[in-house]
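Report on the structure given below.
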Amino acid sequence: MSTRPRSQSHRMPGRGLIDRTKPLRFQFDGRSYEGFAGDTLASALLANGVRLMGRSFKYHRPRGVLTAGSEEPNALVTVLEDGQHTPNIRATMQELYAGLEARSQNRWPSLGFDVMAVNDYASPFLSAGFYYKTFMWPRAFWERLYEPVIRRAAGLGALSGVADTAVYEKAFAHCDLLVIGAGPSGLIAALSAGRAGADVILVEEDTRLGGRLLADQPLIDGRSGVAWAEGIAKELASLPNVRVMTRTTVTGAYDGGTYGALERVGLHLAPRAELPRECFWRITARRTVLSAGALERPIAHPDNDRPGVMLASGLRAYVARWGVNPGPVVVFSNNDSGLEAARALTRMGVEVAAYVDPRAVPVVEEFPVYAKAQVVGTQGRLGLKTVAIQHAGGISQVDARVLALAGGWNPSVHLACHMNGRPAWSEKIAGFVPVADMVPGLAAAGAASGVFSTAACLADGLKAARAALDDLGIAAPDVPLPLAEDAPYAIAPLWAVDAGGRAWLDFANDVTTKDVALAAQEGFASVEHMKRYTTQGMAPDQGKSSNVGALAVLAEASGQSIPATGTTTFRPPYVPVSIAALGAGGRGQGFAPRRLLTSDAQSRAMGAPMIEAGLWYRPSYYPREGEADWRAACDREVQMVRKCVGVTEVGTLGKIDVQGTDAARFLDFVYSNMMSTLKVGRARYGLMLREDGFVMDDGTCARMSDNHYVVTTTTAAAGLVMRHMEFAHQAFCDELNVRFTSVTETWAQFAIAGPRAAEVLATVCEAPELPFMGCAELEIGGVAGRIFRISFSGEMGYEVAVPTRYGADLFAHLVRAAEALGGGAYGMEALNVLRIEKGFLTHAELDGRVTAEDIGLGRMVSAKKDCIGKGASKRPGLVAAGRAQLVGILPVDPAHEISAGAHLYASDAKPLRENGQGYVTSVGPSPTLGQWIGLGFVDNGRKRHGEVLRLYDGLRGRDVPVQLVDPVFYDPEGGRMRG
């Protein structure tokens with residue numbers, strides 16, 4: 001291993017936005033190099049003369065950097081940190097820091113000599129779809145030979161096997177306007193909205209603002225684009241209503257104006273234990289401006305994948321921004337931006353050995369021009385040496401270290417397509433452009449909408465911001481439009497050069513023009529079929545630079561136009577997102593989210609063991625000194641509620657805010673009972689059926705105003721009910737003016753139960769005289785909150801709700817007030833016993849197999865209206881005599897325990913499946929009745945009260961005689977909870 005850093009001999013003196021006063025040493029493949037602060041790994045390697053950075057996936061061909069951004073398909077490396085390996089990091093996005101250690105991938109034993117490159121010589125036998133044909137026979141070979149070999153060869157980088165101990169975070173943000181991309185259109189859009197006073201979030205995946213201004217550096221208002229961008233950045237930073245998020249990529253667009261975004265927090269610094277590596281954001285925006293720019297595409301021609309072949313846009317960035325001296329350059333372009341790139345490179349001191357264009361372009365330039373010409377080949381396996389140019393006079397060989405390809409620009413339409421919208425083909429730019437309303441509330445601007453001059457981008461960004469502000473009802477300020485270049489964009493599409501040999505489309509997956517043509521020839525002419533047959537666009541870059549070229553080749557091969565051929569489906573995420581970032585905070589918790597109550601810290605401090613309830617952690621019981629076990633604590637808490645007062649958090653209940661002029665009609669449709677007749681200030685127990693007639697969930701529905709309801713669900717079914725409502729609205733009644741939002745985590749909610757509940761409530765608010773099942777909005781401890789006269793215990797009860805941020809303090813206050821009266825907090829064990837005593841149901845009973853009639857609530861299916869599941873619930877099999885019905889269960893001997901999950905048989909029957917008559921769903925020790933009690937289902941159970949059956953639990957060794965009784969054990973008239 002070399003310890004002396006190699007010389008940065010390929011730098012342009014005095015050029016670039018790097019800090020040459022801060023040299024940084026780093027390693028790549030065991031060799032030591034030097035770069036500067038502001039470099040990326042790719043730019044630093046190029047500055048050190050390193051062009052070979054990786055090997056292709058299939059053929060292991062030598063590859064160098066192609067781009068300068070997150071769309072990079074070739075230069076994927078593994079970053080090594082304290083024994084951990086992070087594979088598939090783009091060298092173009094990995095910022096340089098002192099001590100960075102990176103390693104190339106997909107090669108053995110070394111990058112320069114890769115044994116697997118033998119695949120390249122076997123390429124005639126490894127064409128597109130060969131695996132579908134080859135590995136079908138002999139059948140016995142699959143498990144013994146084919147699959148093991150394929151699995152060993154699959155993949156690019158490799159993990160170390162050491163657990164990732166780094167810190168990751170998740171965060172949430174809301175804004176009036178989200179601006180995605182900080183190029184000229186994004187900057188001026190954010191500036192306009194920021195000056196208007198709107199809450200603005202500006203997201204940029206680069207380390208600094210400016211977009212293409214940093215590479216192209218045009219003049220804006222008489223100064224460089226870099227200086228103009230810096231001035232705008234300073235003003236945005238000074239505005240308190242604007243948040244600028246650099247190193248952040250918006251990865252997906254979702255319903256309700258929600259966007260996922262991945263922030264690279266500490267990846268540009270040496271590892272620090274206290275600093276998160278990444279943070280995954282959920283951003284909710286009222287309006288969005290997509291100003292993500294456009295991605296340049298290559299031109300396919302023979303051997304266009306050698307190290308040293310890159311996009312002209314990437315080359316301009318490496319020279320202008322990072323001061324890289326590429327050596328002699330050939331530019332091959334079919335559009336005006338390529339010609340401008342050649343001129344700009346010449347002005348910056350780069351030797352342009354040739355400019356090649358299939359069009360009849362002017363031949364008077366400072367560099368040799370080959371008009372009506374094409375590049376037909378290259379030489380130099382580990383690094384470009386010469387370029388073959390076919391022109392009117394024949395074929396010329398030109399010495400060059402870099403071949404810059406400029407095949408046109410693809411607007412970054414990906415995010416606009418994430419809700420299944422389809423872009424439109426623009427002949428003017430030979431690319432796909434977004435269509436209005438592909439994502440509600442999102443408008444594309446600048447190069448993302450297909451306008452490419454600096455002046456046009458500025459004007460389009462300003463227009464998009466003004467439209468968004470108008471939609472938001474915010475007056476737009478008078479922001480003058482800066483003066484900038486407004487050169488027209490002209491292109492003569494050239495997708496591929498037919499000169500024999502292999503012309504590469506997808507560099508990452510080794511897909512050639514011949515592969516795409518073969519797919520069409522073999523009947524895979526649908527764009528989605530071609531994609532899967534060839535693996536085009538399925539690599540980590542998702543075909544950002546190659547998809548449109550492949551579509552054009554497919555269109556020609558299948559005899560269709562490009563619009564008729566269509567485009568592949570764009571799906572989130574836009575860039576790869578680490579699982580650790582998505583599951584931030586969940587290390588060691590498995591894949592399920594870990595959701596905590598606002599009272600969690602205090603409950604743990606009080607010694608409460610926590611149990612999982614759905615995705616939540618809830619206190620099981622609150623032990624006190626002298627209590628030997630959970631049973632003693634549970635008995636005390638149950639009696640405390642029955643005789644005095646208890647407090648518990650019930651914020652895990654699903655809470656859905658339903659609003660709109662048709663809210664009442666909609667709730668009538670999804671609930672089996674009437675909700676439209678509910679008066680303002682009252683709540684009602686509700687039952688919800690599935691389409692097949694079975695009970696899906698129960699809960700309450702409170703009417704806060706004429707067009708505003710708050711629906712609660714069971715903890716287990718919160719997501720299910722929300723999904724059911726969304727489907728019902730979209731599929732059956734989308735004409736109804738109604739909107740619903742999950743607010744489960746927006747409100748912290750607490751139950752106060754017991755004869756002295758009103759006294760505890762009086763310590764936090766002046767509660768009105770609410771009737772049973774009444775509700776009201778009022779101040780609770782000086783905070784806007786809600787109160788419901790609801791009981792899940794059978795005692796006088798209230799549920800109090802405040803915004804989540806105040807939940808911990810409110811819980812502490814309520815517990816202190818209850819303890820002063822002789823009560824206190826109670827947990828899940830007591831809550832379960834209290835509800836069983838009253839015959840109240842949870843999803844232990846509502847398990848998806850019962851009807852309203854089975855649980856004794858058949859009359860809740862209203863005869864006055866239709867609802868989801870009503871017709872199906874009347875099917876003969878669901879109303880036939882003999883169905884299992886809800887019953888209460890008591891052991892004949894009060895000293896016996898019973899268990900949930902046990903089965904019920906006739907007293908003299910053997911415990912066999914065919915003799916089963918029912919089963920037990922819930923049990924608990926009732927201090928009120930002095931024995932264990934339970935709920936369950938028994939065939940024709942309501943008519944069998946008083947009958948004795950055999951409860952058998954072979955797993956726990958229980959065989960107990962039990963009596964069937966009414967499922968309401970305590971206060972059947974309900975007088976105590978009604979007060």
Side-chain angles (χ1 to χ4, degrees), residues 175-204 206 208-239 241-244 285 287-294 336-337 340 344 409 411-412 416 426 428-429 433-434 436 441-490:
C175 61
D176 293 323
L177 181 65
L178 171 65
V179 181
I180 303 172
S185 56
L187 285 174
I188 201 165
L191 180 66
S192 177
R195 287 180 178 177
D199 288 328
V200 179
I201 295 179
L202 174 61
V203 175
E204 169 56 52
D206 205 340
R208 58 192 298 169
L209 308 185
R212 287 300 305 172
L213 298 178
L214 304 178
D216 298 347
Q217 300 186 357
L219 292 178
I220 302 179
D221 276 348
R223 52 180 175 159
S224 76
V226 175
W228 180 85
E230 289 176 345
I232 301 298
K234 288 180 181 178
E235 181 172 352
L236 292 175
S238 70
L239 296 175
N241 54 311
V242 176
R243 170 183 282 172
V244 177
R287 292 293 183 274
T288 303
V289 173
L290 176 64
S291 53
D336 291 348
S337 73
E340 172 54 32
W409 295 85
S412 296
S426 169
K428 181 179 179 181
I429 66 168
V433 295
L442 179 144
S449 67
V451 296
F452 295 148
S453 76
T454 307
C457 287
L458 291 167
D460 208 34
L462 197 57
K463 177 183 175 183
R466 286 171 177 167
L469 291 172
D470 185 60
D471 289 345
L472 296 171
I474 301 174
D478 184 17
V479 176
L481 187 64
L483 296 176
E485 63 83 18
D486 195 19
Y489 174 75

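Residue numbers start at 1 and run along the sequence shown.
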Cut-off 3.5 Å, no hydrogens considered: what does the side-chain donor-acceptor table look like for residues 453-460, sequence neighbours left out?
{"unit_1": "S453", "atom_1": "OG", "unit_2": "A456", "atom_2": "N", "d": "3.0"}
{"unit_1": "S453", "atom_1": "OG", "unit_2": "D486", "atom_2": "OD1", "d": "2.6"}
{"unit_1": "T454", "atom_1": "OG1", "unit_2": "E485", "atom_2": "OE2", "d": "2.8"}
{"unit_1": "D460", "atom_1": "OD2", "unit_2": "G446", "atom_2": "N", "d": "2.9"}
{"unit_1": "D460", "atom_1": "OD2", "unit_2": "S449", "atom_2": "OG", "d": "2.7"}

Test side chain to side chain contact (heavy atoms under 4.5 Å, CB included) applied to L213 and I220, step by step
CA-CA 10 Å; L213 298 178; I220 302 179; 3.9 Å; yes
If only atom types and distance count, is the side chain of S224 paired as donor or acceptor with the main-chain N or O of L219 below 3.5 Å?
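No: the side chain of S224 does not pair with the backbone of L219.
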Judged by atom type as modelled, is there a donor-acceptor pair below 3.5 Å linking the side chain of D336 to the main-chain atoms of Y489?
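Flag not set: sc D336 to bb Y489 has no pair under 3.5 Å.
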Between atom CD of E230 and atom CZ of R223, what is the distance when rounded to the nearest 0.5 Å?
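If we round to the nearest 0.5 Å, E230:CD and R223:CZ are 9.0 Å apart.
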Show the numbers, then the answer: is there a side chain to side chain contact (heavy atoms under 4.5 Å, CB included) between V179 and L177?
CA-CA 6 Å; V179 181; L177 181 65; 3.9 Å; yes
Checking R287 against L178 for the side chain to side chain contact (heavy atoms under 4.5 Å, CB included) test, could you report, in this order, the C-alpha distance in whole Å, the side-chain angles of both residues, the deciding distance, and whether it holds?
CA-CA 6 Å; R287 292 293 183 274; L178 171 65; over 6 Å; no
For A448 and A292, work out which heavy atoms get closest and say how close.
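The pair with the smallest heavy-atom distance is CB-N, 3.9 Å.
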Which atom pair, heavy atoms only, marks the closest approach of P411 to A447?
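Heavy atoms of P411 and A447 come nearest at CB-O, 3.4 Å.
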Donor-acceptor contacts, no H, no angles, side chain residues 180-204, under 3.5 Å, sequence neighbours left out:
{"unit_1": "R195", "atom_1": "NE", "unit_2": "E235", "atom_2": "OE2", "d": "2.7"}
{"unit_1": "R195", "atom_1": "NH2", "unit_2": "E235", "atom_2": "OE1", "d": "3.0"}
{"unit_1": "R195", "atom_1": "NH2", "unit_2": "E235", "atom_2": "OE2", "d": "3.2"}
{"unit_1": "E204", "atom_1": "OE1", "unit_2": "A182", "atom_2": "N", "d": "2.7"}
{"unit_1": "E204", "atom_1": "OE2", "unit_2": "D206", "atom_2": "N", "d": "2.9"}

Taking C-beta and beyond as the side chain, do L214 and V226 meet within less than 4.5 Å on heavy atoms?
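A side-chain contact under 4.5 Å exists here.
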Students often mix this up, so state it plainly: with edges at 30° and 60°, are the rings of W409 and F452 parallel, tilted or perpendicular?
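Aromatic pair W409/F452 classed tilted.
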